[in-house]
Amino acid sequence: MKKIISLILAVLMICATLMAFASCGKKEDTLVMATNAAFPPYEYKEGDSFKGIDVEIAQAIAEKLGKKLEIADVEFGSIIGGVQEGKYDFGMAGMTVTEKRLESVNFSTTYATGIQVIIVADGSAIESLDSIFVFDENGDPTGLQNPEIKVGVQQDTTGDIYCSDDITNWGLNDVEEDGTITTDRVVRYKTGAEAVAALKSGKVDCVIIDNEPAKSFVAANEGIHILEGDNEYAIEDYAICVAKENTALLEQINKALAELTEDGTIGKIIEKYIPTSN
Ligand code: GLN
């Protein structure tokens, strides 16, 4: 009997040890970054290797922290949940700081600015924000010039979140008070590249997306352009997200970011991918 009890105890101990390892899920000397590598020049793939501003900044942070960097390439919409669950140490994906996201995760200090811009096909009837919205005398949108408009976005990004809102909040939809969308004019794609392909084939009238990937998509595709001038949809801050309870890592990341800004490393990385920026 004693033997059986000690056997059971031994098995239990082994299980507990294994579970402790499994719940950590990660190696001590490694930092796992979750990203969506379809967002040039912040993150993209060249063959099997990850490139981009976020990748290089994350690498520099990991070096400062004396850790190896591992990259998990996942859907944009699953980054925050994965960080909350502790599957990834942090998320870095040209991610905009929003009030809503701050309810789920903490954000580092911001390291870049993003602008939501509008991409259209050459010759499009959409030439400015005025060709999308009807404005009142205060400059607030009250309706749409073309109620049939279809706008492509990358699912779960701020472009999607803004456009999926009510017209009076600069969204494109008819939304009931409880948030139900009655007329959905937004078409959501897994990647910006798919949204751009839909624009080229005439499935959507424009694409609303962050400016730097927009420039990359326009450079790689004939027959489309970004609306210039005062037609920005939103201006936002990019930052790294970390689980709420992981304040130690957040502090380390913020310290590393400050040092890397101070010594010019971040400036150099951004300049490498976005020349002429300052
Ligand atoms: N900046 C946008 C957001 O945070 C888009 C980011 C992305 O697609 N990687 O939602």
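Atoms within a ligand are numbered from 1 in the order they appear, just like the ligands themselves.
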Whether Tyr238 lies under 4.0 Å from ligand 1, heavy atom: yes
Hey, does Thr157 come in under 3.5 Å of ligand 1, counting only N/O atoms on both sides? no
Would you call Lys150 and Asp205 a salt bridge, taking side-chain N to carboxylate O under 4.0 Å as the test? no
Are a donor atom and an acceptor atom from the side chains of Glu232 and Gln116 found within less than 3.5 Å of each other? no
Purely on distance, is any nitrogen or oxygen of Phe76 under 3.5 Å from one on ligand 1? no
Under 3.5 Å, is there a donor-acceptor pair linking the side chains of Thr35 and Glu43? yes
Heavy atom of the protein closest to atom 7 (C) of ligand 1 (residue, atom name, distance): Phe39 CE1, 3.2 Å
Which ligand 1 atoms, with their elements, are less than 4.0 angstrom from a heavy-atom of Arg101? 3 (C), 4 (O), 10 (O)
Tell me the protein heavy atom at minimum distance from atom 10 (O) of ligand 1, and give that distance in Å. Thr158 N, 2.7 Å
Tyr238 and Tyr42 aromatic centres sub-6.0 Å: yes
For Glu236, the ligand 1 atoms whose distance to one of its heavy atoms is below 4.0 Å: 1 (N)
For the pair Asp174 (side chain) and Thr183 (backbone), establish whether a donor and an acceptor sit closer than 3.5 Å, ignoring hydrogens and angles. no
Is there at least one pair of N or O atoms, one from Asp156 and one from ligand 1, spaced under 3.5 Å apart? no
Nearest to atom 6 (C) of ligand 1, what protein heavy atom do you find, and at what distance? Gly94 O, 3.3 Å
Looking at side-chain heavy atoms only, is the closest gap between Tyr162 and Trp170 below 4.5 Å? no
Checking contacts here: is it the side chain or the backbone of Gln154 that comes within 4.0 Å of ligand 1, counting heavy atoms only? Could be both or neither. side chain
Would you say the side-chain atoms of Asp136 and Thr142 include a donor-acceptor pair closer than 3.5 Å? no
What about Met95: any of its N or O atoms under 3.5 Å from an N or O on ligand 1? no
Answer with yes or no whether the side chains of Glu56 and Tyr273 bring together a donor and an acceptor at under 3.5 Å. yes
Verify same cluster id: Ile224, Ile118 (apolar side-chain graph, 4.5 Å): no
Any heavy atom of Gly114 sitting closer than 4.0 Å to ligand 1? no
Option whose closest heavy atom lies nearest to atom 5 (C) of ligand 1, chosen from Asp210, Thr35, Ile80: Asp210
Ligand-residue contact atoms, ligand 1 with Ala93, heavy atoms, under 4.0 Å: 6 (C), 7 (C), 9 (N)
